[in-house]
Novice: 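Take a look at the following structure, please.
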Amino acid sequence: MAENKISFWILTALVVGNMVGSGIFMLPRTLSEAASPAGVLLGWGVTGFGVLFLALVFGNLAIRKPELHGGPQIYAKELFPKNSKTSLISGFMSSWGYWIGNFAGNAAIITTFASYLSTFFPILNSKLVIVEIGPFTLYSGNLLTFFVCSILLWGLHIIILKGMDGAGKLNFVATAAKVIGFFLFIIIALFAFEKSNLLPLYAPRYEETGLSLGLGGQVYHAAISTLWAFCGVESAVVFSGRAKKKQDIKKATIIGLLLALAIYIGISLLVMGILPQNQLVQSEKPLVDAMEIVLGPIGAYLLSSLGIISLLGSTIGWILLSSEVPYQAAKQGIFIPAFAKENKKGMPVFSLILTNAFTQVFLFSTISNSMASAFDFVIYIATLAFLVPYLISSLYQLKLVVTGETYLDHFGRWSDGIIACLATLYSTWAIFAGTSDLKTFLFGMILLASGLFFFPLLRKQKNVPTKQSAA
């Protein structure tokens, strides 16, 4: 269907919108705690360099394997012999884990949206007690927040069901406003920038144990902190089946990455230059506090408005992406068949309903502090669901280079081989560094392995041919 074909600009908006979400508002404080300005800058450099190679891998695979739709996790089945049980299981498990990570993250974005909305509607923070049962207390503010989050979730659900064209354009408008807003923030912040707040460029940072961190340790910790900012760089690849031109996928991924990187680096350094170190590490809203110094109280409202727009765009993009992943996987025979069902507009209706239903369950974290704590832990664990498909993509690119499949010239094969090797090394490092705590890693693997209980629902779909419909 023509209306479901996505242009280059909407693909780019999906990449930028999904990468620049709720994390940007707290990242300056996190980085300031982890490293001195020199460590922060070098940390961004390490992460940006590594993710750039991943972006190149995504772009190359989208062009060389245009029949493989739905995101980096799809390549898992291609690592093994075609139609083998191993191929089917690896494709299913990778898609399962990635899907879980997506809808869990959606709830985090939506609840953050409500927190910024509370700037204009303080009643969302009301501590008026409605129900008190044992250790559980329900406040009116929490209940209202739950309803606001639910209305946003299902309101966007209805809009998305009406077609990719409308949802894509809404995401594009929100992302364009977000990009313009953040660049204006950067320009305004330059007027309040104090070089002395960045000096000395290198200063000791300390771990919880009191151990001093050198520059190398600071760069390491900063690179780990910035890693999560790049989840979503694969967004254009996820929608490759809906792209008007396959060449647009690579361009959108690279340009989207560079735009997001410019925003992140600019804002991180400027906020560190506006707020003194001791104030920054204590700030619960560093961007708001920085803008208040420049514009006074009106700055808080401007930043909250920007936060709402930013998170609205991210919510649309991530809901689209979350439902697209199992939908495309099901169409290729590696996920539960019911997820391939679509409405008259070509939208994945079953996938959308189930994805948002699970997101709704996570939204109950807004009414219970104990649930919120558990939810934060699940979100951290689910990060594995993003990192593993990144490694899989790199390995698949490496496989194509080694076998020579799709390559006619030696130069292209060698250059892609270097890119694939560097992307593989970076992805491997990111997985082990990002989940260095053994307990966290094991719980993450258990979360991914939970998909084995649902694997029988595939009903031996491994011999079903790929359906290439006009998605």
Side-chain angles (χ1 to χ4, degrees), residues 12-35 37 40-41 43-45 47-48 109 112-120 171-198 222 225-226 228-232 255-277 279-317:
T12 304
L14 284 166
V15 175
V16 177
N18 287 353
M19 287 179 67
V20 184
S22 58
I24 192 170
F25 294 95
M26 289 307 299
L27 200 54
R29 189 191 74 173
T30 304
L31 289 173
S32 183
E33 290 176 326
V40 169
L41 197 56
W44 275 118
T47 307
I109 295 172
T112 306
F113 173 91
S115 72
Y116 275 88
L117 199 62
S118 67
T119 301
F120 301 96
N171 174 265
F172 176 79
V173 171
T175 302
K178 174 196 304 189
V179 171
I180 293 171
F182 281 126
F183 275 112
L184 284 175
F185 172 88
I186 291 172
I187 293 171
I188 293 171
L190 286 171
F191 291 97
F193 182 81
E194 293 287 345
K195 187 171 66 174
S196 59
N197 287 333
L198 288 179
S225 297
T226 57
W228 319 128
F230 290 95
C231 288
I255 292 174
L257 169 62
L258 295 177
L259 276 172
L261 188 60
I263 291 172
Y264 271 120
I265 293 177
I267 287 178
S268 297
L269 290 178
L270 282 170
V271 171
M272 291 176 73
I274 295 174
L275 298 176
Q277 164 69 16
Q279 183 179 344
L280 179 55
V281 296
Q282 298 296 326
S283 176
E284 292 295 328
K285 42 183 182 177
L287 268 68
V288 173
D289 291 343
M291 190 55 74
E292 276 191 296
I293 289 178
V294 183
L295 299 178
I298 194 174
Y301 290 100
L302 289 174
L303 252 297
S304 295
S305 299
L306 181 58
I308 289 170
I309 294 170
S310 174
L311 293 162
L312 177 63
S314 295
T315 303
I316 297 169

Novice: To check you understand the geometry: which heavy-atom pair defines the closest contact between I274 and A192, and what is its length?
Specialist: CG1-O, 4.0 Å
Novice: Write down the atom of P297, the atom of E292, and the distance for their closest heavy-atom approach.
Specialist: CA-OE2, 4.1 Å
Novice: For the residue pair G313 and N171, what are the closest heavy atoms and their distance?
Specialist: O-ND2, 2.9 Å
Novice: What is the distance from atom OG1 of T175 to atom CD1 of I309, rounded to the nearest 0.5 Å?
Specialist: 11.0 Å
Novice: Could you give the distance from CG (L312) to NZ (K178), rounded to the nearest 0.5 Å?
Specialist: 9.0 Å
Novice: Of all the heavy-atom pairs spanning S32 and Q277, show the shortest one and how long it is.
Specialist: OG-OE1, 2.5 Å
Novice: Under the rule for ring-ring contact (aromatic ring centres under 6.0 Å, His included), what residues qualify as partners of Y264, not counting sequence neighbours?
Specialist: W44
Novice: Measuring only between side-chain heavy atoms, which start at C-beta, is I265 closer than 4.5 Å to L41?
Specialist: yes
Novice: So, taking the atom named CD1 in I263 and the one named OG in S268, what distance separates them when rounded to the nearest 0.5 Å?
Specialist: 11.0 Å
Novice: Could you state the interatomic distance from CZ (R29) to CG (L275), rounded to the nearest 0.5 Å?
Specialist: 12.0 Å
Novice: Take L287 and F182, measure what side-chain contact (heavy atoms from CB on, under 4.5 Å) needs, and give me the verdict at the end.
Specialist: CA-CA 10 Å; L287 268 68; F182 281 126; 4.1 Å; yes
Novice: Would the number of heavy atoms belonging to other residues, nucleotides or ligands and lying under 6.0 Å from CZ of F183 be above 12?
Specialist: yes
Novice: Taking atom CG of L306 and atom CG of L184, what is their separation to the nearest 0.5 Å?
Specialist: 9.0 Å
Novice: Tell me whether T315 contacts the main-chain N or O of L311 through its side chain, where contact means a donor paired with an acceptor under 3.5 Å.
Specialist: yes
Novice: Under the side chain to side chain donor-acceptor pair (under 3.5 Å) rule, collect the residues that match up with T119, sequence neighbours excluded.
Specialist: S304
Novice: Measure from the side-chain N and O atoms of S314 to the backbone N and O of G17, and report whether any donor-acceptor pair falls under 3.5 Å.
Specialist: yes
Novice: For residues S225 and A34, report the shortest heavy-atom separation together with the two atoms involved.
Specialist: OG-CB, 4.3 Å
Novice: Measure across I186 and A262 and return the closest heavy-atom pair with its distance rounded to 0.1 Å.
Specialist: CD1-O, 4.4 Å
Novice: About how many Å separate CG of L190 and CZ of F185, when rounded to the nearest 0.5 Å?
Specialist: 10.0 Å
Novice: Yes or no on side-chain contact (heavy atoms from CB on, under 4.5 Å) for F193 and L198, after CA distance, side-chain angles and deciding distance?
Specialist: CA-CA 10 Å; F193 182 81; L198 288 179; 3.2 Å; yes
Novice: Report yes if some heavy atom in the side chain of L257 is under 4.5 Å from a heavy atom in the side chain of F230; otherwise report no.
Specialist: yes
Novice: Surrounding CD1 of I293 (heavy atoms of other residues, nucleotides or ligands, distance under 6.0 Å), is the total greater than 12?
Specialist: yes
